[in-house]
Amino acid sequence: MKLQRDIPLLSCNTLAVPASAQFFVSVDQEKGLRDAVQYSQRHSIPRLILGGGSNIVLSKDFPGLVVRLSMKGIDILEQTSDNITVAVAAGENWDELVQYSLANGWFGLENLSAIPGNVGAAPIQNIGAYGVEIGTVLKGVHGLDIESMSMRYLAAHDCELGYRNSIFKGALKDRFVITRVELELSMHDAPVLTYPALIEALGEQKPSAQNVAAAVRALRGQRLPDPKRVPNVGSFFKNPVVSDDAYTALKQKYPEMPSWNVPEGYKLAAGWLLENAGWRGYEGQAELAGVGTYAHQALVMVNPGHRPGAIVMKLADKIAASVKATFGVSLEIEPRVY
Ligand code: FAD
Ligand code: EPU
């Protein structure tokens, strides 16, 4: 095991937080992963499993072992004239997989084009965009169960997938390392067209999956900053769900407020709430200098000043308090904060 010490993590997190790791190891095989986990157990130090670092906030230097997963490989497990099942290693880049699948005539991932990060992290928050979540095509995951130190397969229906949620953020948080993801894709080009902005962008045409992928890329380009140029972690808060009563009161006061009826009540657009509480395009001053929110999407917090994660969190707390005071709605942070 090639263990490194005091490794800067700025280039390992898309928010460009200048934190460091006490210990760091990159693993490309199951054996290396086991060794790394056992090392952290032997020394009783915390562990951070790292993919592309596009959904984490490092609020301080990490006082333990960062394990970066870099396993590669895409295997076809089964193929019929209708479907194909593929197993993809955790360290593969998500968007490269989307492009590879489209190039091979495997369909189902097109709406999830251009989401940063690695394949192994995709089920953690059940990545979703433009009307599709990975749960739609996930067959199951293989991974290391840290409690028993044995490899385990979890079928998708046991992953407790929800909106930006899964068992890996609940009962199996920090207890299961996904090493391979199995996806069941379609051999038929039949795009999902439910997201209003996507339907509008495609106009009258009967689009192919390639058209959908291109439209999603274009929409994302308008709304989300490229982390290479403007450090960010995508949406900083989840879209909140409120009760029927809370919704009715808000809708009376703000008839133009976007909302969606969901089984638990109404889902609101956190971006709209932030913008209407005055936070779109905010540029921090004084202590908050160098952090802010994106000019085209209030929900995206940006860190052009490469400020520490604690400063980003200070602004996040301020924004959440302001939304609560203005609308009475509580916001939940989407990325994992360490
Ligand atoms: P990391 O940030 O490395 O890890 C995230 C969390 O998962 C950490 O807690 C980590 O410990 C854990 N983890 C990572 N890999 C594993 C593994 N193999 N096993 C167990 N735990 C693991 N998300 C969406 O859902 N939809 C979007 O549209 C979207 N758009 C985005 C746009 C931008 C510009 C950015 C920067 C982010 C966006 N995201 C979006 C968030 C992010 O891309 C996803 O959450 C992605 O899946 C994170 O992958 P990662 O490899 O970077 O994970
Ligand atoms: N809106 C505003 N002002 C803003 C931002 C948004 O009024 O500053 C309004 C929009 O006009 C629209 C509504 O809010 O009516 C929703 O906006 P958008 O379509 O941009 O989507 P979102 O809800 O802000 C979610 C996901 C994104 C995902 C897109 C597309 C969450 C927390 N975010 O954003 O995921 O890409 O939908 O499906 O669910 C991520 O998770 O990191 C992420 C980027």
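Indexing begins at 1, ligand by ligand and atom by atom, following the structure's order. All of these numbers come straight from a predicted model, not from anything done at the bench.
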Give the residue and atom name of whichever protein heavy atom lies nearest to [atom], and the separation in Å to one decimal.
{"atom": "atom 24 (O) of ligand 2", "result": "Gln297 NE2, 2.8 Å"}
{"atom": "atom 4 (O) of ligand 1", "result": "Ile56 CG2, 4.0 Å"}
{"atom": "atom 18 (P) of ligand 2", "result": "Arg223 NH1, 3.4 Å"}
{"atom": "atom 49 (O) of ligand 1", "result": "Ala121 CB, 3.3 Å"}
{"atom": "atom 38 (O) of ligand 2", "result": "Tyr130 N, 2.8 Å"}
{"atom": "atom 29 (C) of ligand 2", "result": "Tyr195 OH, 4.0 Å"}
{"atom": "atom 15 (O) of ligand 2", "result": "Pro258 CG, 3.6 Å"}
{"atom": "atom 1 (N) of ligand 2", "result": "Trp272 N, 3.7 Å"}
{"atom": "atom 31 (C) of ligand 2", "result": "Tyr163 OH, 3.4 Å"}
{"atom": "atom 12 (C) of ligand 1", "result": "Ile49 O, 4.0 Å"}
{"atom": "atom 23 (O) of ligand 2", "result": "Asn239 ND2, 2.9 Å"}
{"atom": "atom 2 (O) of ligand 1", "result": "Asn55 N, 2.8 Å"}
{"atom": "atom 40 (C) of ligand 1", "result": "Ile115 CG2, 3.8 Å"}

Could you label the plane-to-plane angle of the Tyr254 and Trp272 rings as parallel, tilted or perpendicular, counting under 30° as parallel and over 60° as perpendicular? perpendicular

On the 0 to 90° scale, with breaks at 30° and 60°, tag the Phe62-Tyr338 ring pair as parallel, tilted or perpendicular. perpendicular

Just checking [X]: does its [atom1] atom have more than 12 heavy atoms from other residues, nucleotides or ligands closer to it than 6.0 angstrom?
{"X": "Lys173", "atom1": "NZ", "value": "no"}
{"X": "Glu283", "atom1": "CD", "value": "no"}
{"X": "Lys314", "atom1": "NZ", "value": "no"}
{"X": "Gln41", "atom1": "CD", "value": "yes"}
{"X": "Glu256", "atom1": "CD", "value": "yes"}

For a side chain to side chain contact (heavy atoms under 4.5 Å, CB included) check, start with the C-alpha distance between Tyr195 and Val132, then their side-chain angles and the critical distance, and finish with the verdict. CA-CA 9 Å; Tyr195 204 86; Val132 171; over 6 Å; no

Evaluating non-hydrogen atoms only, which member of [options] is closest to [atom]?
{"atom": "atom 35 (O) of ligand 2", "options": "Arg164, Glu334, Arg220", "result": "Arg164"}
{"atom": "atom 13 (C) of ligand 2", "options": "Gly271, Ala269, Gly281", "result": "Ala269"}
{"atom": "atom 33 (N) of ligand 2", "options": "Ser235, Pro335, Gly117, Ala114", "result": "Ser235"}
{"atom": "atom 21 (N) of ligand 1", "options": "Asp174, Leu69, Ile124, Asn232", "result": "Ile124"}
{"atom": "atom 29 (C) of ligand 1", "options": "Arg220, Arg336, Lys228", "result": "Arg220"}

Short N-O contact, Arg220 and Asp95, less than 4.0 angstrom: no

Between Arg336 and Asp174, does at least one N-O distance fall below 4.0 Å, as a salt bridge requires? yes

Hey, which atoms in ligand 1 end up nearer than 4.0 Å to a heavy atom of [X]?
{"X": "Gly128", "result": "24 (C), 25 (O), 26 (N), 27 (C), 28 (O)"}
{"X": "Ala129", "result": "28 (O)"}
{"X": "Gly117", "result": "49 (O), 50 (P), 51 (O), 52 (O)"}

Does any N or O atom in [X] lie less than 3.5 angstrom from one in ligand 1, N or O only?
{"X": "Leu48", "answer": "no"}
{"X": "Asn126", "answer": "no"}
{"X": "Thr14", "answer": "no"}
{"X": "Pro225", "answer": "no"}
{"X": "Gly52", "answer": "yes"}
{"X": "Gln125", "answer": "yes"}
{"X": "Pro116", "answer": "yes"}
{"X": "Gly53", "answer": "yes"}
{"X": "Ile127", "answer": "no"}
{"X": "Ile178", "answer": "yes"}

With heavy-atom distances below 4.0 Å as the criterion, list the atoms of ligand 2 near Arg280. 8 (O)

Consider side chain to side chain contact (heavy atoms under 4.5 Å, CB included). Of Met1, Glu30, Gln29, which one does Asp35 pass it with? Met1

Looking only at distances, please establish whether an N/O atom of ligand 2 is found under 3.5 Å from an N/O atom of [X].
{"X": "Trp260", "value": "no"}
{"X": "Ala298", "value": "yes"}
{"X": "Lys238", "value": "no"}

Once you restrict to heavy atoms under 4.0 Å, what part of Phe176 touches ligand 1? Side chain, backbone, both or neither. backbone

What part of Tyr338, side chain from CB on, backbone N/CA/C/O, both or neither, has a heavy atom under 4.0 Å from ligand 1? side chain

Linked hydrophobic residues, Val262 as query - side chain contacts closer than 4.5 Å: Val241

Is it the case that the side chains of Ser322 and Trp279 hold a donor-acceptor pair, with the cut-off being a distance below 3.5 Å and no angle test? yes

Is there a donor-acceptor contact under 3.5 Å linking the side chains of Ser208 and Asn211? yes

Look up [atom] and tell me if a protein heavy atom lies less than 4.0 Å from it?
{"atom": "atom 4 (C) of ligand 2", "answer": "yes"}
{"atom": "atom 11 (O) of ligand 2", "answer": "no"}
{"atom": "atom 44 (C) of ligand 2", "answer": "yes"}

Quick check for you: to the nearest 0.5 Å, what is the distance between Arg164 atom CZ and Glu133 atom CD? 7.0 Å

When you measure from the heavy atoms of Arg164 to every atom of ligand 1, does any distance fall below 4.0 Å? yes

Would a hydrophobic clustering, with Ile, Leu, Val, Met, Phe, Trp and Tyr connected at side-chain separations under 4.5 Å, put Leu224 with Trp94? no

Single-linkage hydrophobic cluster, 4.5 Å side-chain cutoff, Val137 and Val141 together: yes

Check whether NZ of the Lys or CZ of the Arg Lys267 lies under 6.0 Å from the centre of the six-membered ring of Tyr163 and within 45 degrees of that ring's axis. yes

Heavy-atom side-chain contact between Pro335 and Ile56 under 4.5 Å: no

